[in-house]
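Let me begin by presenting the structure, written as structure tokens, before commenting on it.
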Amino acid sequence: MKSRSNLNIMLRLIGLVAPLSGFMLLAVLMGLVGHLCAAFITIFGGYGVLSFIDDHAVFRLSAVFVAVGVFALLRGVFRYAEQACNHFIAFKLLALIRNKVFQALRRLCPAKLDGRGKGDLISVITSDIELLEVFYAHTISPAAIAFLFTVIMTLFIGSYHWLLGVIALIAYLMIGIAIPMVTSRLSGDSGMQFRMRSGNLSSFVLDSLRGLSETLQYGQGPDRLAKMQEQTEMLAKEEARMKRVSGRNMAVTNTMILLFDLVMLFIAAWLYQNGSVGFDGVLIPVMALMSSFGPAVALANLGSTLQNTFASGNRVLDILEEEPAVAEVTDGKEIIFDGAAAEHVTFSYDTEKILSDVSVRIPEHSVVGIVGKSGSGKSTLLKLFMRFWNVQQGSVELSGTPIGEINTGNLRDTESFMTQETYLFHDSIANNLRIAKLDAAQEQIEQACRKASVHDFILSLPQGYDTPVGELGDTLSGGERQRIGLARAFLHDAPLMLLDEPTSNLDSLNEAMILKSLREERNGKTVVLVSHRASTMRIADEVYSVEHGRVN
């Protein structure tokens with residue numbers, strides 16, 4: 001995770017407001033006028049008192065009552081307008097940020113997301129982005145309003161005597177800036193710790209739900225629950241610490257407001273005794289200060305909550321600014337497939353070497369088998385052909401062109417890739433199949449399923465192809481999910497099929513039917529089969545054996 005200052009995070013988040021700057025200016029204007037109306041309700045109360053004392057007062061009592069009524073009405077209208085603008089901006093920007101985050105995740109996939117906690121990612125996409133609503137709706141606009149409001153009220157109070165204006169300015173700066181800064185420092189990295197622990201807990205809960213049957217089977221429920229309770233308690237302690245800081249902040253803020261009110265009263269009274277101001281120079285400045293701390297208090301109350309918000313912003317910016325391991329190619333070459341090859345390929349995950357000087361040739365219209373023990377690098381080799389990662393040494397080519405020079409869209413159209421674990425979305429079987437080809441007709445879907453030996457099974461279901469599958473495909477067996485995954489590969493109809501253990505969960509009858517389909521495909525397709533089953537390799541024209549990252 002990158003280390004960014006709060007100022008840097010704030011500026012980056014503010015930069016996202018640019019498309020909605022007009023609404024932001026309107027929100028600031030509405031908020032400023034609304035706060036001025038609220039302050040001048042009290043101030044005009046002071047003018048009402050003066051009208052009783054002095055017949056030559058600035059405002060008559062009737063004018064004061066009218067002004068107070070107008071200010072009260074306008075306060076409600078402008079307050080509503082400010083909040084409406086702020087929340088419109090916030091929700092629009094949250095939608096924009098979510099869109100940017102999903103685009104970033106698409107760019108980072110799969111290399112940068114392998115091994116990353118899915119629960120933590122869910123936490124970023126949901127709670128972290130939601131928390132930014134506090135920043136956009138309750139921070140940017142209030143900060144601008146507080147600045148402008150401070151200038152206006154300082155000039156107004158200072159119009160009675162410059163010393164009173166200075167006291168008001170110091171009071172606003174102390175309440176609105178100094179106290180939040182001190183609070184932020186006292187909070188330390190508690191906001192970041194809270195968001196990280198929250199993400200870790202989300203990952204743990206998601207992992208626990210997915211492995212619930214195994215947990216029950218092996219009697220690990222109490223141990224799992226204890227670990228979850230431990231993480232929950234750590235999260236609660238971090239939250240309690242943040243709330244204590246927030247409570248101290250509010251106590252200090254209220255105490256300082258009272259002290260500054262008293263200071264203003266004593267100084268104004270001293271100036272009155274010296275003849276520097278009249279009675280109005282005591283009453284109006286004191287009442288003006290007492291009624292004008294709203295915008296500054298709003299900033300003071302943000303001191304502790306902003307730490308949590310900035311922590312969420314930092315986690316979101318980490319995803320938005322992270323560079324993908326493999327960049328998408330849009331200005332490269334378009335190819336027509338006529339064979340593939342890996343030449344002297346060496347590849348490592350961090351410091352762990354997976355493939356060492358591997359060379360494989362895949363002629364067009366052939367079936368090439370790759371066998372080897374688990375962890376020998378077979379699946380990694382297929383992923384390199386898909387360009388999920390870039391090779392570190394050697395080259396991977398399609399049609400004599402290095403895959404790094406081929407447009408990513410063209411590369412994906414040229415290859416069908418079936419992984420060991422078929423992921424099924426919580427949707428109908430037909431829609432799960434259409435992922436491979438969005439405009440596929442029902443006839444094409446059924447033809448692909450026949451090749452994958454799953455058509456008859458689907459028809460036996462209550463709703464046929466419209467049958468919904470459970471989340472993660474849990475309502476289907478491993479073999480059924482695998483055959484649907486293979487049907488996807490057939491439906492994609494790419495000239496190069498990369499199949500990773502396509503028959504590992506199948507019985508011998510279904511395996512034979514699928515191998516028959518693959519054998520029939522060799523006239524129009526090129527197939528690469530990764531498997532540890534000797535029976536699967538019977539249809540291969542050539543078999544490569546991978547052991548310890550080397551081809552034998």
Side-chain angles (χ1 to χ4, degrees), residues 336-337 340 362 364-369 382 385-386 409-470 472-531 533 536 538-540:
I336 297 175
F337 181 77
I362 306 169
E364 187 179 12
H365 303 317
S366 65
V367 177
V368 174
L382 294 192
F385 274 106
M386 288 293 297
N410 180 228
L411 183 68
R412 298 289 179 260
D413 290 338
T414 304
E415 299 172 322
S416 292
F417 181 40
M418 177 189 172
T419 61
Q420 291 185 34
E421 296 294 331
T422 299
Y423 184 90
L424 296 181
F425 294 90
H426 192 21
D427 204 339
S428 68
I429 291 177
N431 287 339
N432 267 285
L433 289 164
R434 279 196 176 92
I435 291 171
K437 189 176 182 179
L438 295 178
D439 60 349
Q442 183 65 26
E443 183 181 348
Q444 293 174 302
I445 293 175
E446 292 180 6
Q447 183 180 3
C449 289
R450 287 190 181 94
K451 292 178 181 178
S453 188
V454 72
H455 175 69
D456 292 339
F457 162 74
I458 295 174
L459 290 183
S460 70
L461 297 173
Q463 300 177 53
Y465 281 88
D466 293 325
T467 301
V469 297
L472 303 178
D474 287 343
T475 56
L476 303 177
S477 70
E480 291 158 356
R481 291 198 301 271
Q482 192 170 38
R483 281 182 284 164
I484 289 176
L486 186 57
R488 278 178 178 167
F490 282 122
L491 183 62
H492 189 53
D493 199 26
L496 175 61
M497 299 182 70
L498 306 172
L499 308 179
D500 193 356
E501 298 286 0
T503 60
S504 59
N505 292 321
L506 304 183
D507 55 41
S508 57
L509 178 60
N510 279 312
E511 179 189 23
M513 294 178 67
I514 288 171
L515 292 178
K516 179 176 180 293
S517 297
L518 291 174
R519 188 182 298 111
E520 293 171 351
E521 289 287 312
R522 76 170 65 208
N523 293 328
K525 299 281 189 296
T526 302
V527 180
V528 179
L529 281 174
V530 165
S531 181
R533 279 188 174 187
T536 302
R538 288 179 303 182
I539 66 167

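All values below were derived from every heavy atom in this structure, side-chain atoms included, with hydrogens, water molecules and symmetry-related copies excluded.
Arg412 contributes a side-chain N or O that, together with a main-chain N or O of Met386, makes up a donor-acceptor pair within less than 3.5 Å. In this structure, the side chain of His426 engages the main chain of Val469 through a donor-acceptor pair within 3.5 Å. At distances below 3.5 Å, at least one donor-acceptor pair connects side-chain atoms of Ser416 with backbone N or O atoms of Ala489. Side-chain N or O atoms of Arg434 include one that pairs as donor or acceptor with a backbone N or O of Ala440 at under 3.5 Å. Side chain of Arg488 to backbone of Ala436: no donor-acceptor contact under 3.5 angstrom is found.
Heavy-atom minimum distance, Ala430 versus Ile445: O-CD1, 4.3 Å. Minimum heavy-atom separation, Leu438 to Ile435: CD2-CA, 4.4 Å. Annotation for Thr414 and Ala494: closest pair O-CB, 3.3 Å, computed over non-hydrogen atoms. Of all heavy-atom pairs between Leu491 and Leu433, the closest is CD2-O, 3.2 Å.
Ser531 pairs by the side-chain hydrogen bond (donor to acceptor under 3.5 Å, both in side chains) definition with nothing, not counting sequence neighbours. Considering only residues two or more places apart in sequence or on other chains, Glu501 meets the side-chain hydrogen bond (donor to acceptor under 3.5 Å, both in side chains) condition with His532.
For the side chain to side chain contact (heavy atoms under 4.5 Å, CB included) criterion with Thr467, the lone passing option out of Ile458, Ile429, Leu476 is Ile429.
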Could you check Val527 against Ile539 for side-chain contact (heavy atoms from CB on, under 4.5 Å), going step by step and ending with a plain yes or no? CA-CA 10 Å; Val527 180; Ile539 66 167; over 6 Å; no
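Side-chain contact between Gln463 and Pro468 is present, with at least one heavy-atom pair separated by less than 4.5 Å.
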